[in-house]
Amino acid sequence: MTYDFDLFVIGAGSGGVRAARFAAGFGARVAVAESRYLGGTCVNVGCVPKKLLVYGAHFSEDFEQAEGFGWSLGQANFDWATLIANKDREIQRLNGIYHDLLVNSGVTLMESHARLLDAHSVEVDGKRITAKHILLATGGWPHIPELPGREHAISSNEAFFLKTLPKRVLVIGGGYIAVEFASIFNGLGAQTSLLYRGELFLRGFDGAVREHLQDELSKRGVVLQFNTDLERIDKQADGSLQVTTKDGRVLHTDCVFYATGRRPMLDNLGLENTGVKLDKRGFIQVDEQYQSSEPSILAIGDVIGRVQLTPVALAEGMAVARRLFKPEAYRPVNYEHIPTAVFSLPTIGTVGLSEEQAKADGHRVSVYESRFRPMKLTLTDSQERTLIKLVVDADNDRVLGCHIVGPEAGEIIQGLAIALQAGATKQMFDDTMGVHPTTAEEFVTLRTPVAS
Ligand code: FAD
């Protein structure tokens, strides 16, 4: 049987673009359908615009701290509309780059919705197109739970396009997107509260990191409320929102921002026309090679719900392209030691195991920790402190986890991820010369364990 294409990719986000470009580079005939925006979540409503907003939010501290270094700036003013317009311009530029990347690699780009018709065909703009392999890279979508007044709440999708900065924001959720947006809104001048139904946010992160961020956000004026959830949201005559919590309290705000998880994007995808199965969480079920229960259909990225990060979607896209069209270069994706940053203010960087996870996995651990005031802040009134933590296997000296909460944590953690990937021991850290004076040098000067 001859097909129109060797590979049809649904979704031109992080994973889909990577798979399509490389498959075309390996000589395959490739088409991509994208219904919304080139570059997907990360470029349009995820990593990129979020980081730009975090940079924007950081200036309020920078201005305050500048005085300690002799600068006087007068009254600083912030204009949300300018930030959003400049952000939009940059995203448009990136959309263009993604367009050119695809087209210049020989990929046929269809800027439309795609729907599966059967195991080898999709429908785009009313036309049936056949392909030997179909790759689902449709990503995820914010999930706002059912509750009265849900329509008054926004998610990250809308936050990037608000016309004005709300005076008061209530962030609901305990994941990384919740703490990042709480930091953004707070840094830009909104009165910000974060409300989470669990004991403490950032479940799965190291306990010391979670507590440190809790202290730092509180110091910056973010009001944190744990062990509580929303019952309902009511719009008031003046446009503000009245929020009732499950424990019966009434709060007033101008914006309720939900960051309570993301569901796989399967809307009108036509899965029912194929044998593709979902796992028990509702994500597309795939095997180790990203093959679904329909052999010609594969899936990668957020829609399989494994690790929902851009570099992981990219790696999965690359693995699929190689496996199908350049098998001699195939390397399985390595899910160990995935470094991550949470771009809260201050930022978290983490790689490897938390102390709690290391213990749960049966390791006997030595823990090294340092908490200090970063040098840059010594001439300022800022009371921010930085946390550095190493989790070490006490039996074989292997470093199991590195954690930092402080400036440039995301930049610092990348290099440490290479060390962990290479199997570095604590002795190797100790034998490494520091870069002085930096925050990062603390990772090679921690001598005394705080707990065993
Ligand atoms: P996506 O990038 O979501 O792309 C899927 C694409 O498929 C979309 O463009 C969509 O329009 C399209 N599509 C869906 N259905 C169809 C259809 N039927 N037909 C045609 N097209 C379709 N990750 C990080 O690593 N670092 C971060 O700092 C970070 N920050 C984030 C901040 C926020 C607010 C959010 C929401 C996410 C963030 N992420 C971050 C996660 C990251 O964005 C995702 O992991 C990544 O984008 C997943 O890539 P993907 O290819 O699986 O899907």
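Worth knowing before you read on, the calculation uses all heavy atoms, side chains too, and leaves out hydrogens, waters and symmetry mates. Start at 1 and go down the list; that is how both ligands and their atoms are numbered.
Residue Ser35 holds the heavy atom nearest to atom 22 (C) of ligand 1 of all those in Gly175, Ala12, Ser35, Ser155. For the residues Thr138, Val17, Leu38, Ile177, the heavy atom positioned nearest atom 14 (C) of ligand 1 is part of Thr138.
Less than 4.0 angstrom separates some heavy atom of Leu269 from each of these atoms of ligand 1: 18 (N). Atoms of ligand 1 lying under 4.0 Å from at least one heavy atom of Tyr37, given by number and element, are 9 (O). Of all atoms in ligand 1, numbered sequentially from 1 with element shown, those under 4.0 Å from a heavy atom of Leu309 are 23 (N), 24 (C), 25 (O), 45 (O). For ligand 1, the atoms closer than 4.0 angstrom to any heavy atom of Gly301 are 52 (O). In summary, the atoms of ligand 1 found under 4.0 Å from a heavy atom of Gly15, numbered by their order in the structure, are 51 (O). Of all atoms in ligand 1, listed by their number and element, those nearer than 4.0 Å to a heavy atom of Met265 are 14 (C), 15 (N). Atoms of ligand 1 found under 4.0 Å from any heavy atom of Pro311, numbered from 1 in the order shown, are 25 (O). Each of the atoms 2 (O), 4 (O), 8 (C), 9 (O) of ligand 1 lies under 4.0 Å from some heavy atom of Gly40.
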With a cut-off of 3.5 Å and sequence neighbours excluded, list every side-chain donor-acceptor pair involving residues 228-235.
residue, atom, partner, partner atom, Å
Thr228, OG1, Asp247, OD1, 3.3
Thr228, OG1, Asp247, OD2, 3.4
Arg232, NE, Asp234, OD1, 3.4
Arg232, NE, Asp234, OD2, 2.9
Arg232, NH2, Asp234, OD1, 3.0

Between side-chain atoms of residues 313-320 and protein atoms elsewhere (two or more places apart, or another chain), which donor-acceptor pairs fall under 3.5 Å?
residue, atom, partner, partner atom, Å
Glu316, OE1, Gly301, N, 2.7
Glu316, OE2, Tyr335, OH, 2.5

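Ring geometry for Phe185 versus Phe181: interplanar angle of 30 to 60°, hence tilted. Taking the six-membered ring where tryptophan is involved, the planes of Phe78 and Trp80 are perpendicular, since the angle between them exceeds 60° and thus also 30°.
The protein atom (non-hydrogen) at minimum distance from atom 9 (O) of ligand 1 is Glu34 OE1, 2.7 Å. Protein heavy atom closest to atom 38 (C) of ligand 1, with residue, atom name and distance, is Tyr176 OH, 3.1 Å. Protein heavy atom at the shortest distance from atom 29 (C) of ligand 1 is Cys47 SG, 3.4 Å. Looking from atom 44 (C) of ligand 1 to the surrounding protein, the closest heavy atom is Asp302 OD2, 3.2 Å. Looking only at heavy atoms of the protein, atom 33 (C) of ligand 1 is closest to Gly46 CA, 3.5 Å.
Ring to ring, Phe325 and Phe22 are not that close: their centroids are 6.0 angstrom or more apart.
Between the His113 side chain and the Asn268 main chain, a donor and an acceptor come within less than 3.5 Å of each other. Side-chain atoms of Ser60 come within 3.5 Å of backbone N or O of Gly187 as a donor-acceptor pair. Of the possible polar contacts, one joining the Asp6 side chain to the Arg29 backbone as a donor-acceptor pair under 3.5 Å is found. Side chain of Glu61 to main chain of His58: no donor-acceptor pair is present (N/O by atom type, distance under 3.5 Å, no hydrogens or angles).
Between Glu442 and Arg371 no salt bridge is recorded (no basic side-chain N to carboxylate O distance below 4.0 Å). Ion pairing between a basic and an acidic side chain is recognised when a charged N comes within 4.0 Å of a carboxylate O; Arg281 and Asp279 show such pairing.
Considering backbone and side-chain atoms alike, Thr41 places an N or O below 3.5 Å from some N or O of ligand 1. Below 3.5 Å of separation, one finds no N or O of Arg262 facing any N or O of ligand 1. No N or O atom of Asp267 sits closer than 3.5 Å to an N or O atom of ligand 1.
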